[in-house]
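Protein chains get the first letters and strands the later ones, always in sequence-line order, with residue 1 at the start of each.
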Amino acid sequence: MELLDSIAVGFATALTVKNLAFCFVGAFVGTVVGVLPGLGPVATISLLLPFSFTMDVTSAVILMAGIFYGAQYGGSITAILVRIPGEASTVVTCLDGYAMARQGRAGAALGIAAFGSFLAGIGVTIALFLVGPAMSEFALAFGPAEYTALVLLGLLLVTQLSSGPQGKALLMVAFGLLLSTVGKDPIYGTERFTFGVFSLFDGLNMALLAMGLFGVSELLIIAEGGAAHAKPVAQPTSLRELLPNAADWRASRMPILRGTVLGFFLGLLPGGGATLSSFSSYVLERRLAKNPERFGQGAIEGVAGPESANNAAAQSSFVPLLSLGIPANAVMAVILGALLVQGIQPGPQLIAKRPDLFFGVIASMLIGNLMLIVLNVPLISIFVQLLRVPGSILAPLIIVFCVVGAYTLSNSVPEVIIMIGFGIAGYLMRKIDLDPAPLVLAFVLGNILETNFRQALLVGRGTLSLFHTRPIAAGLLLCCAALIAFQLYQAVHKRRSAAP
Amino acid sequence: MSDEAAPASTVSRRWHVLGFVVFTAAGFYAIGVALQLGLWRQNSPGEGLFPFIAAVAMTAFAVAGLVSAWRMPRRSAAAANRGDLAQTLIRVAAYIFGLVFYALALNPLGFITSTIVTVVFILRFAERYSWPVTLALAVGTAAGCQILFVIWLGAILPFGYLWESLLY
C-alpha cells in the first residue's frame, strides 16, 4: 500500500503540465549537449544553476535530471556516427557502435542504444520505487579501502577491453593513471607535472583528453586516407531497415538486462556512475560472449549493454544524492548545490518530509525516457544521413566541433592546444596498436583511486591494514587476485597450445 | 577497433620501437619528478607516491613493449611505398597545421573568420575541392556553427580583437 501511495504521489507531481514541460526541455537539451563534445551535462547544469534558484525545487531537479540522462543518449549518437564520444560514459560505445556504422549498420546501433537506454530507464525507475531507499544504505558500507579495491578491480577489467595485447592495455592504464596526477595534489595542493602552465593547475580536463584521443586522432586517420578513406558508408534508407532486426533483439536482450542491473548497482556507489558502469558492462559482455573476438568489430552486444548500463547508472545515482545527501558524481554535486540553496537538505528524512520531490523526480525519469525514445527514434534516419557525407567534408566539421568544444570549456586557447596535442598523441598511439580506451578510463578513475588509496593509508596510520581487515575490501582484492591468476593461466594455456 | 588495426599495419618496426622508447623515457622522467615530490611525509603518503607507482608501472610495461617491438620481423623494403608515405604525411601535416592555425587564430581573427579560413584551407588545399564548393561549405559551416553555438546555446566565442581594433 505504501508503495502504491509513493507511485501515486510521484506521478501526481511529475504529470503536471509544468513538470512535463521541464522534463521535455531537460531531455531535449540533454540530448543536444550529449551530442556536442565539450559542452557536457555538468557545464550545462552549472549554467542553469542560477535560474534554478527562482524555480520550484522539484521542477528544477526534474529539469536537471532530464539533462543528465538525455546527455547519456545524446553522447552515444556522435560516438556511433563519427567516433567522437560526447560523454565519458559513451567512450566504450565508440568501439562497436562506430564499427557497426562503418558496416552500414549505424541505424541498428543507434536504435539499440535508444531502446536499451529506454528499457534500462524503465527498469531502474521501477527498481528505484521498490528498493531505492534501502539500497542506498549499502553504499554507506563503502569507505576508502573499498573504493580503492573496487577501482583496482575496475582497472584490471579494463585491460580486457583492448583487442590488442594485454601488456599494451596495461601500459595505457598506467599512462592514464599518471596523467590523472597532473595538477594540484588532492591533499597537500602541491603542483605536479604542470610545467608552470596555468591551464594545467587544475589538472587535465577529461573532455579535452577524450576529444583529442578519439575525435582529433580519427580526423587524422581520415586525413591520411585521402579520397579512398573519405568514401561515404552506404546506409539503408527506410526507418524499418534502419531499426534493429529480430536477430539484433535476440542478441541484445540479455546484455540490456545485465547492463541495467549492473548500472543500477554501480550508480548507487559514489564515484561509480555512468562511466564505470558502461565500461564494466562492456567487459562483462565480452567475457560472456561465445565469440569475444567479434567485440570491437561491430558486436551489437557491445552497444546494447554499455548504453543500458550508463542510463541505468545515471538514474540510480540520484538515490545516494536524495536519500543520503552524497553526490555520486559531478552532476549530482551541482544538483546538491541547487537543493541546498533552496533550503532542502537531502538525507534519510527527505523521503518522509518531501515525498513529492523524491518520488516526483523518479516518476519524471520514466516519463523522460518515454519522451527520449519518441524524440530520438524518428530522428535516427536523419542522424545516419551524416554518414552519407564524405569524410573529407565531415573532417572540417569535426575540426570546428572539437576546437569550439575545447575552447568553450574555459574560453582559452591553451586548452585547445592541449586537445590537439592529445589528438596527435592518440594518432601516433593508434599507429603502433595502442588503444586509447583503457587510458581514458584509467584517467577518469585515477583521481578516485589516488584519493581513496591515500585516505586508506592515512586511516591505517601508514599501513595497509584496512585492506585486509575490512571484508568488502578484502573480498574485492581477492577478486583482483583471482582475475590476475585467471589471466596468467589463459596466457600460459595459449602459449602451450600455440607451441608445436 | 578493426579500423584501428588497419592503419597500424602500415607502420614499420622502427616506429613501434620509437613509440615505446618515448614511453620509457617519459616513465623515467616521471619517476624522477615523483621522487623529488616525496613518497612519504610525516607517517603519511606524500604527493609523489601515487605518481611514482603509476610511473614505475608505465616504465615496466613500456620496456616490455620495447622488447617485444624489437623482436618484430623487419618489413621488406618493397612493402613500404615511400611515395604514398610522403603523400600521407603531407596530408596529416596539413590537417595538424589547420587545427593549430584555427586554435591560434580564434582570438585575433574571431570565430567566424578563423572558421572560414580553416575550412577553406582544408577543403581547397588539402582535399582539392573546387572554389565554389569550398566557399559554399566554408560559409555554411561558419553560419551553422554561429547559429548553433552562439545564438542557440549561448556560448561565448571570440569576435576577434583585430576586428575590434579596426571597427571601434
Side-chain angles (χ1 to χ4, degrees), chain A residues 32 36 39 47 95 98-99 102 163 165 167-168 170-171 174-175 177-178 181 185 187-188 190 192-193 216 219-221 223-224 226 296-298 392-393 395-397 399-400 403-404 407-408 411 413 416-417 420 423-424 427-435 446 450 453-454 457-458 461-462, chain B residues 1-5 7-8 10-11 15-16 19-20 23 30 33 37 40 43-45 47-51 54-55 57-58 61-62 64-65 68-69 87-88 91-92 94-96 98-100 102-104 106-107 111 115 118-119 122-123 126-127 129 137-138 141 145 149 153-157:
Chain A
V32 174
L36 300 174
L39 197 73
L47 289 172
L95 304 178
Y98 183 69
R102 301 303 301 171
S163 62
K168 288 185 173 179
L170 286 166
L171 170 64
F175 186 38
L177 291 177
L178 192 60
T181 64
D185 171 67
I187 294 177
Y188 298 112
T190 317
R192 300 184 300 190
F193 304 106
V216 176
L219 176 80
L220 298 178
I221 294 285
E224 75 170 19
Q297 303 194 1
S392 53
I393 290 180
L397 282 177
I399 290 180
V400 175
V403 170
V404 172
Y407 184 85
T408 50
N411 281 11
V413 171
V416 186
I417 300 291
I420 296 170
I424 297 169
Y427 169 73
L428 295 174
M429 287 193 301
R430 285 170 69 176
K431 299 300 287 180
I432 56 169
D433 292 337
L434 293 172
D435 183 5
E450 180 179 9
F453 176 60
R454 287 171 64 177
L457 285 177
L458 277 170
R461 295 176 188 275
Chain B
M1 305 271 262
S2 57
D3 269 19
E4 285 166 31
T10 62
V11 297
W15 285 100
H16 285 260
F20 287 111
F23 273 109
V33 173
L37 285 166
W40 207 257
N43 245 353
S44 63
E47 44 275 71
L49 180 66
F50 190 78
M58 188 176 113
F61 291 121
S68 146
Q87 197 77 11
T88 301
R91 293 174 62 84
V92 171
Y95 269 73
I96 293 172
L99 272 165
V100 174
Y102 191 24
L104 297 177
L106 262 178
N107 279 335
F111 170 65
T115 302
T118 307
V119 177
I122 296 290
L123 291 181
E127 298 295 342
Y129 277 87
L137 285 171
T141 303
C145 289
F149 290 112
L153 290 171
I156 301 165
L157 293 172

Could you have a look at [options] and say which one has the most heavy-atom pairs with chain A under 4.5 angstrom?
options                     : result
B:Ala103, B:Ala57, B:Ala138 : B:Ala103
B:Leu104, B:Ile96, B:Val100 : B:Ile96
B:Cys145, B:Ala69, B:Ala54  : B:Ala54
B:Val33, B:Leu49, B:Thr115  : B:Val33

For [X], is it the side chain, the backbone, both, or neither that has a heavy atom closer than 4.5 Å to a heavy atom of chain A?
X        : answer
B:Ala64  : neither
B:Ile156 : both
B:Leu99  : both

Subject >> Option in A:Leu177, A:Ile417, A:Thr181 with maximal non-hydrogen atom pairs under 4.5 Å from chain B >> reply: A:Thr181

**OP:** Flag the one option from A:Val216, A:Leu457, A:Thr190, A:Leu171 with the top tally of heavy-atom pairs under 4.5 Å to chain B.
**Re:**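 Looking at each of A:Val216, A:Leu457, A:Thr190, A:Leu171 in turn, A:Leu171 comes out on top.
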
**OP:** Go through the steps for B:Thr118 and A:Val403 under the test side-chain contact (heavy atoms from CB on, under 4.5 Å), then give the verdict.
**Re:** CA-CA 11 Å; B:Thr118 307; A:Val403 170; over 6 Å; no

Subject >> Side chains of A:Asp433 and B:His16 in contact at under 4.5 Å (non-hydrogen atoms) >> reply: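 Yes. Closest side-chain heavy atoms under 4.5 Å.
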
Subject >> Residue pair B:Tyr102 / A:Val416, side-chain heavy-atom distance below 4.5 Å >> reply: no

Can you measure from [atom1] ([X]) to [atom2] ([Y]) and round to the nearest 0.5 angstrom?
X        : Y        : atom1 : atom2 : value
A:Leu397 : B:Leu137 : CG    : CG    : 8.5 Å
B:Leu37  : A:Phe193 : CG    : CZ    : 6.5 Å
B:Glu47  : A:Glu450 : CD    : CD    : 9.5 Å
B:Thr141 : A:Ile399 : OG1   : CD1   : 10.5 Å
B:Phe23  : A:Lys168 : CZ    : NZ    : 10.5 Å

**OP:** Quick one: closest heavy-atom pair of A:Tyr188 and B:Pro45, and the distance?
**Re:** CE1-O, 3.7 Å

Subject >> Nearest atoms (heavy-atom pairs only) where A:Leu458 meets B:Ser44 >> reply: CD2-CB, 3.2 Å

Original post:
Between B:Phe50 and A:Phe453, what is the ring plane arrangement, given parallel below 30°, perpendicular above 60°, and tilted in between?
Top reply: tilted

Where does [X] contact chain B at under 4.5 Å (heavy atoms): side chain, backbone, both or neither?
X        : answer
A:Ile420 : side chain
A:Leu178 : both
A:Phe175 : both

